[in-house]
Amino acid sequence: MRVREMAAAVRVLAKGDLARYGGSGSSETARFERDLRTTIGVEHALAVNSGTSALIGALVGAGIGPGDEVLVPAFTWVATAAAPLAVGAVPVLVEIDESLTMDAADLARKITPHTRAVIPVHMLNLVCDMDAIMKVAADHDLVVIEDACQAIGVTHRGRRVGSIGHAGAFSFNQHKNITSGEGGAVLTNDRRIHARAAMHHDVGSYERPGWIETEALFPGVNHRMPELSAAVLRPQLARIDAQLARRRDRRRRVLDRVAGSSWSGVTVAPHHDPDAAVGLALTFDDPAQARAFGALRGARRLLDSGRHVYANWQPVLAKRAHHPRLDPHAWAHREVDYGPDSCPATLDVLARTCAVELAPEVPTPAFQVLTRAMGR
């Protein structure tokens, strides 16, 4: 933790107000929401306690519920598929392409009369083809909730991810671009989505001014962000562009090596905004070659990334809820296929692709091996 984050945490501890509400004076969480709105370029930002809570809040905000189908990519953290289940909807799997993001053509194929929303995921700082996804969504009147949990601060053709769809979700857990250990945020330009998400994230929201004047009250839960989390996130948010610039520089160094390399059987995975790219993945012709490279520290073969692969989402695949009367599949209009062969293109891409960590501070062994190999 850097000096500014430590100082921010000490300031909150000295003040003694660790919760957003009930303290005296201004709130660190409210300040963080203000900074987030400015940085990302949205009208509303709601800080919550996790990226999963942010996805659930965005779905609640958009009015998604029982009987609805939500399209999610087959490569993402399991929470992207679990969030629709939490609001009574069912996730429907969509293939990814070699960009490691949602395949817009398969998205269009998977739409049914019961589809209400789509959650494109910007995986590994790699951005989705948002122009194509937004067009498909507009043609079918779908709500778009961007899962930008793994791409905070990243841009797609001049716009920050999380600000392009009807709503966006961020995560601030330990492995994200900025972190408070756990945390999240809902982003939107839609006042109604924000008001409903805010009501949901705070069971006492009906006593908070300024959120719900136009919305009928409903009971919420407690997904609030604590003051300490917001305090340590604010200085990191101020540095986000510098951090991403270092990642972008490391990516360009690899691309320069690739351009003059004779290393056969490997290419850089395609990107939907190459000039602004900050993530890096390599696609191998041979899955065995990908497996060998993925064993290096700082790299991993994506088929081996556990709960990021749909075939490993046991709780989702089992189609069970904590109580049978609350099972979203009991309300679904059709049987949804989560079988191992439901997204074969995704499994093929993941078997041949490795992510490379472009650590902004210290080059990883995988990065160093890669640049040496590419220089031959």
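Numbering of residues begins at 1 and proceeds along the displayed sequence. Quick note: numbers below take in every heavy atom, side chains included, and nothing from hydrogens, waters or symmetry partners. The structure presented is a predicted model; accordingly, all values stated were derived computationally and were not measured.
Atom CZ in Phe293 sits 14.5 Å away from atom CG in Asp286 (nearest 0.5 Å). Considering CG of Leu187 and CD1 of Ile152, their distance stands at 9.0 Å, rounded to 0.5 Å. To the nearest 0.5 Å, atoms CG (Leu100) and NE2 (His271) are separated by 10.0 Å. To the nearest 0.5 Å, the span separating CD1 on Ile164 from CZ on Arg157 amounts to 9.5 Å. To the nearest 0.5 Å, the span separating CG on Leu36 from CD1 on Ile240 amounts to 10.5 Å. Arg196 contributes atom CZ, which lies 11.5 Å from atom OG of Ser205 (distance to the nearest 0.5 angstrom).
Between His156 and Val161, the shortest heavy-atom contact is CB-CG1, 4.2 Å. Closest approach of Ser171 to Gly51, counting heavy atoms only: CB-CA, 3.8 Å. Heavy-atom minimum distance, Arg352 versus Pro287: CG-CG, 3.8 Å. Ala276 approaches Thr155 most closely through the heavy-atom pair CB-OG1, 3.5 Å.
Grouping the Ile, Leu, Val, Met, Phe, Trp and Tyr side chains by contacts below 4.5 angstrom, directly or via other members, places Phe218 with Val87. Connection of Leu18 to Phe172 is not established within any shared hydrophobic cluster, with ILVMFWY side chains joined at heavy-atom distances below 4.5 Å, either directly or through further cluster members. By the rule that hydrophobic residues join a cluster once side-chain heavy atoms approach within less than 4.5 Å of another member, Phe32 and Leu228 end up as members of separate clusters. One hydrophobic cluster, built from ILVMFWY side chains closer than 4.5 Å, holds both Ile178 and Ile40. Hydrophobic clustering (ILVMFWY, side-chain heavy atoms < 4.5 Å, transitive): Ile193 and Met199 are in distinct clusters.
Within a 6.0 Å radius of CG in Asp141, no more than 12 heavy atoms belonging to other residues, nucleotides or ligands are found. Residue-environment remark: CZ (Arg4) stays at or below the threshold of 12 foreign heavy atoms within 6.0 Å. The neighbour count for Arg37 CZ, taken as heavy atoms of other residues, nucleotides or ligands under 6.0 Å away, is above 12.
Remark: side-chain polar atoms of Thr179 are not paired, donor with acceptor, to backbone N or O of Lys176 under 3.5 angstrom. Without hydrogens or angle criteria, Glu357 side chain to Ala299 main chain gives no donor-acceptor distance under 3.5 Å. With hydrogens and angles disregarded, a donor-acceptor distance shorter than 3.5 Å links the side chain of Gln236 to the backbone of Val232. Remark: side-chain polar atoms of Asn49 are not paired, donor with acceptor, to backbone N or O of Gly183 under 3.5 angstrom. With Arg20 contributing its side chain and Pro226 its backbone, the two residues share no donor-acceptor pair below 3.5 Å. A donor-acceptor pair under 3.5 Å is absent between the side-chain atoms of His140 and the main chain of Leu142, judged by distance alone. Using modelled atom types, no side-chain atom of Lys319 and backbone atom of His329 make a donor-acceptor pair closer than 3.5 Å. Of the possible polar contacts, one joining the Arg252 side chain to the Asp275 backbone as a donor-acceptor pair under 3.5 Å is found. Distance alone, capped at 3.5 Å, is enough to place a donor-acceptor pair between the Thr38 side chain and the Arg34 backbone. Asp35 contributes no side-chain N or O that, together with a main-chain N or O of Leu237, makes up a donor-acceptor pair within less than 3.5 Å.
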Open item on the list: Does His44 form a ring-ring contact (aromatic ring centres under 6.0 Å, His included) with His194? I'd like the steps, not just the answer.
Closed with: CA-CA 7 Å; His44 307 285; His194 174 254; 4.7 Å; yes
TODO: Test Ile96 against Asp103 for side-chain contact (heavy atoms from CB on, under 4.5 Å), laying out the working first.
DONE: CA-CA 5 Å; Ile96 63 165; Asp103 181 344; 5.8 Å; no
TODO: Decide salt bridge (charged side-chain N to carboxylate O under 4.0 Å, His left out) for Arg246 and Asp249; before the verdict, give the C-alpha distance in whole Å, the side-chain angles of both, and the deciding distance to 0.1 Å.
DONE: CA-CA 5 Å; Arg246 289 193 292 273; Asp249 177 66; over 6 Å; no
- [ ] Could you walk me through whether Val136 and Ile111 pass side-chain contact (heavy atoms from CB on, under 4.5 Å), step by step?
- [x] CA-CA 10 Å; Val136 171; Ile111 293 171; 3.7 Å; yes
Task: Derivation and outcome, side-chain contact (heavy atoms from CB on, under 4.5 Å), residues Asp129 and Thr101 - done: CA-CA 8 Å; Asp129 186 354; Thr101 64; 5.7 Å; no
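No side-chain N or O of Thr283 forms a donor-acceptor pair with one of Glu98 less than 3.5 Å apart. Side-chain contact, Thr80 with Asp147: a donor N or O sits under 3.5 Å from an acceptor N or O. Judged purely by distance below 3.5 Å, without hydrogens or angles, the side chains of Glu227 and Thr29 pair a donor atom with an acceptor atom. In this structure, a donor-acceptor pair under 3.5 Å is absent between the side chains of Glu182 and Ser229. Between the side chains of His272 and Ser99, a donor-acceptor pair is found at a separation under 3.5 Å. Side chain to side chain, Thr39 and Arg160 fail the donor-acceptor criterion of an N or O pair below 3.5 Å. Side-chain atoms of Glu146 and His122 form a donor-acceptor pair, as typed in the model, at a separation below 3.5 Å.
Counting heavy atoms from C-beta on, the side chains of Thr188 and Leu46 never come closer than 4.5 Å. Side-chain contact between Asn125 and Asn177 is present, with at least one heavy-atom pair separated by less than 4.5 Å. At a threshold of 4.5 Å between non-hydrogen side-chain atoms, the residues Val278 and Leu358 do not count as touching. Between Val144 and Pro120, the closest side-chain pair of non-hydrogen atoms falls below 4.5 Å. Side chains of Thr76 and Trp313 form a contact here, defined as non-hydrogen atoms less than 4.5 Å apart. Side-chain contact between Arg301 and Phe284: absent, with no pair of heavy atoms (C-beta onward) separated by less than 4.5 Å. Phe75 is not listed as a side-chain neighbour of Val349, based on a closest heavy-atom distance of 4.5 Å or more. Residues Arg31 and Ser26 meet the side-chain proximity criterion, which asks for heavy atoms closer than 4.5 Å.
The pair Lys135-Asp131 fails the salt-bridge criterion, with no side-chain N (NZ, NE, NH1 or NH2) lying under 4.0 Å from an Asp/Glu carboxylate O. Between Glu28 and Arg234, at least one side-chain N (NZ, or NE/NH1/NH2) sits under 4.0 Å from a carboxylate O, which counts as a salt bridge. Between Arg334 and Glu69, at least one side-chain N (NZ, or NE/NH1/NH2) sits under 4.0 Å from a carboxylate O, which counts as a salt bridge. For Arg253 and Asp256, the salt-bridge test fails: no basic side-chain N is under 4.0 Å from an acidic carboxylate O.
Between His308 and Trp77, the ring planes lie tilted relative to each other; the angle falls in the 30° to 60° range.
Ring pair Tyr310/Tyr338: centre-to-centre distance not below 6.0 Å.
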